[in-house]
Q: 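One structure follows; several queries about it will come next.
If you read the sequence from its start, that first residue is 1, and numbering goes on from there. Below, all heavy atoms of this structure are taken into account, side chains as well, without hydrogens, waters or symmetry copies.
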Amino acid sequence: MNDYENHTGTASVWAGEEHLFAENAICLPVYNSVTFGYDDMDEWHQVGMGKKKGHIYSRNTNPTVRPLEEKIRLMDGGEEATSFSTGMAAISNTLFTLLGPGDRVVAIKDTYGGSNKIFIKFLPQMKVDVCMVDTSDFDAIEREVKKGCKVLYLETPTNPTLKIVDIERLAKVAHEHGAIVVVDNTFATPINQRPISLGADVVVYSATKYLNGHSDVMGGLAVGKKALIDQIFHYREITGATLHPQSAYMILRGMKTLELRIARHNENAMKVATFLSQHPKVEQVFYPGLETHLNHAIAKKQMRGFGGMLSFSLKGGFENVVTVLENLKYAHKAASLGSVGTLVGPPRTTSHVELTEQERANAGIPESLIRYSAGIENGDDLVADLEQALAKI
């Protein structure tokens, strides 16, 4: 147990930055230096071999980036962490490190569109056997894991229909059969959910989203068992999807308010979801905080908050989606999520733009769906905005 166990709010401010920096600064400097020099040849060699702390070249490690990796490590309770230029770099580097020709991966059908594309196109090109299972059928997932696989890949809550996967149950079965468990925790963040405590071996994030929280920088993170993260780090340092020090600084700055922001995101999403669930023009609302959600009980067990993401489908089809989106005042019609400002859009232009309409249908994503990332605005204003937009259809 580390000093920040169950105190993720304190960790988001202090972890990795407990000491004063150069010239007694309390804020971490941005080290834009590409390379780091040594007068002592022996010391240079020791650092290069990893036998002494230090930095050689910023494609590998950097003194601004490293505190961010340490922060997420402590917040998630992992043994090690590494960083990437984007969230998809974190996901792809992790999968390409752990899987090779002849390996088998079991994944849920409901994953972010970019992740889904890796499973349906790029891993099969590498001769990896990919098995994608109905996300809500835990028995079926267990059956496929028991047949043998190297990696079990989970995402919870899922993007964009907010399905919930029982991490603890599936991780237990995976480990019994020698599989590595990878969990995308982007929607929940360590504030709402800590997959490592539930059995995950590697947790991946798009730090672009809630961790940064301001839609102004991109990044990715992976945290988990040291033996696995070391392998993923080596793949990343060679293939080069390195996080820039300025980006690391901005993510670190954003994370200092993470617990405060997540509390407001949670509150606003619940308020919006409750309103929509009672609206006659709404077909269905997808939010794990609602008692009507298929796996609300599991979400309640493994999450400390239900998150700022929800989605809802409208009666009447895509033309009504267009009408509602075009009439919203307090929402950016834009891709991405997890920002201080509300972001909305249909999967065809946001989470699953990479997929064809048929592929979206195969993933259970209706064209009448709106993905809604509740920001930190006044929650009553968000509800009123949705009410007036829905009145236009």
Q: Mark yes or no for whether Asp385, through its side chain, and Leu328, through its backbone, hold a donor-acceptor pair below 3.5 Å.
A: no
Q: Given 3.5 Å as the limit, does a donor-acceptor pair link the side chain of Thr158 with the main chain of Lys163, or not?
A: yes
Q: So, Ser83 and Glu69: side-chain donor and acceptor under 3.5 Å apart, yes or no?
A: yes
Q: Is His296 atom NE2 crowded by more than 12 heavy atoms from other residues, nucleotides or ligands, each under 6.0 Å away?
A: yes
Q: For the side chain of Ser373 and the backbone of Thr342, is there at least one donor-acceptor N/O pair under 3.5 Å apart?
A: no
Q: Any salt bridge linking Asp166 with Lys301? Criterion: basic side-chain nitrogen under 4.0 Å from a carboxylate oxygen.
A: yes
Q: Please walk me through it: do Phe21 and His19 pass ring pair (Phe, Tyr, Trp, His ring centres under 6.0 Å)?
A: CA-CA 6 Å; Phe21 299 102; His19 57 280; 4.8 Å; yes
Q: Would you please test Glu237 and His234 for side-chain hydrogen bond (donor to acceptor under 3.5 Å, both in side chains) and show each step?
A: CA-CA 5 Å; Glu237 71 171 337; His234 183 55; 2.9 Å; yes
Q: Just by distance, do the side chain of Arg261 and the backbone of Val340 share a donor-acceptor pair under 3.5 Å?
A: no
Q: Carefully, step by step, assess Lys121 and Gln125 under the rule side-chain hydrogen bond (donor to acceptor under 3.5 Å, both in side chains).
A: CA-CA 6 Å; Lys121 181 178 181 180; Gln125 288 179 350; 6.0 Å; no
Q: Could you state the interatomic distance from CD (Glu387) to CG (Leu276), rounded to the nearest 0.5 Å?
A: 10.5 Å
Q: For residues Asp110 and Thr135, is any side-chain donor paired with an opposing acceptor at under 3.5 Å?
A: yes
Q: With side chain to side chain contact (heavy atoms under 4.5 Å, CB included) as the test, pick out the partner of Val182 among Val202, Leu152, Leu154, Ile91.
A: Val202
Q: Should we count CD of Glu291 as having more than 12 external heavy atoms under 6.0 Å?
A: no
Q: How long is the gap from NZ on Lys225 to CD on Gln231, to the nearest 0.5 Å?
A: 12.0 Å
Q: Does the side chain of Trp14 reach to within under 4.5 Å of the side chain of Tyr4, using non-hydrogen atoms?
A: yes
Q: Calculate, to the nearest 0.5 Å, the distance between atoms CG and OH belonging to Leu382 and Tyr372 respectively.
A: 4.0 Å
Q: Taking the inter-plane angle between the rings of Phe306 and Tyr287 on a 0 to 90° scale, is it parallel (under 30°), tilted (30 to 60°) or perpendicular (over 60°)?
A: perpendicular
Q: So, the side chain of Ser58 versus the backbone of Ser33: is there a donor-acceptor pair under 3.5 Å, distance only?
A: yes
Q: Same hydrophobic cluster for Ile196 and Met255, using side-chain heavy-atom links shorter than 4.5 Å among ILVMFWY?
A: yes
Q: Under the side-chain hydrogen bond (donor to acceptor under 3.5 Å, both in side chains) test against Glu142, which residue among Lys147, His177, Arg169 passes?
A: Arg169
Q: Would you mind checking if Lys51 and Asp42 are paired as a salt bridge, meaning a charged N to carboxylate O distance below 4.0 Å?
A: no
Q: Begin with the C-alpha distance, continue with both residues' side-chain angles, and end with the deciding distance and a verdict on ring pair (Phe, Tyr, Trp, His ring centres under 6.0 Å) for Phe36 and Tyr31.
A: CA-CA 10 Å; Phe36 302 86; Tyr31 290 92; 7.3 Å; no
Q: Where the side chain of Glu267 meets the backbone of Gly379, is there a donor-acceptor pair that is under 3.5 Å apart?
A: no
Q: Would Gln193 and Asn185 satisfy side-chain hydrogen bond (donor to acceptor under 3.5 Å, both in side chains), going step by step from the backbone distance to the final call?
A: CA-CA 8 Å; Gln193 181 174 266; Asn185 199 42; 2.8 Å; yes
Q: Identify whether the distance between the nearest side-chain nitrogen and carboxylate oxygen of Glu80 and Arg66 falls below 4.0 Å.
A: yes
Q: For His293 and Ala299, indicate whether the former's side chain and the latter's backbone hold a donor-acceptor pair under 3.5 Å.
A: no
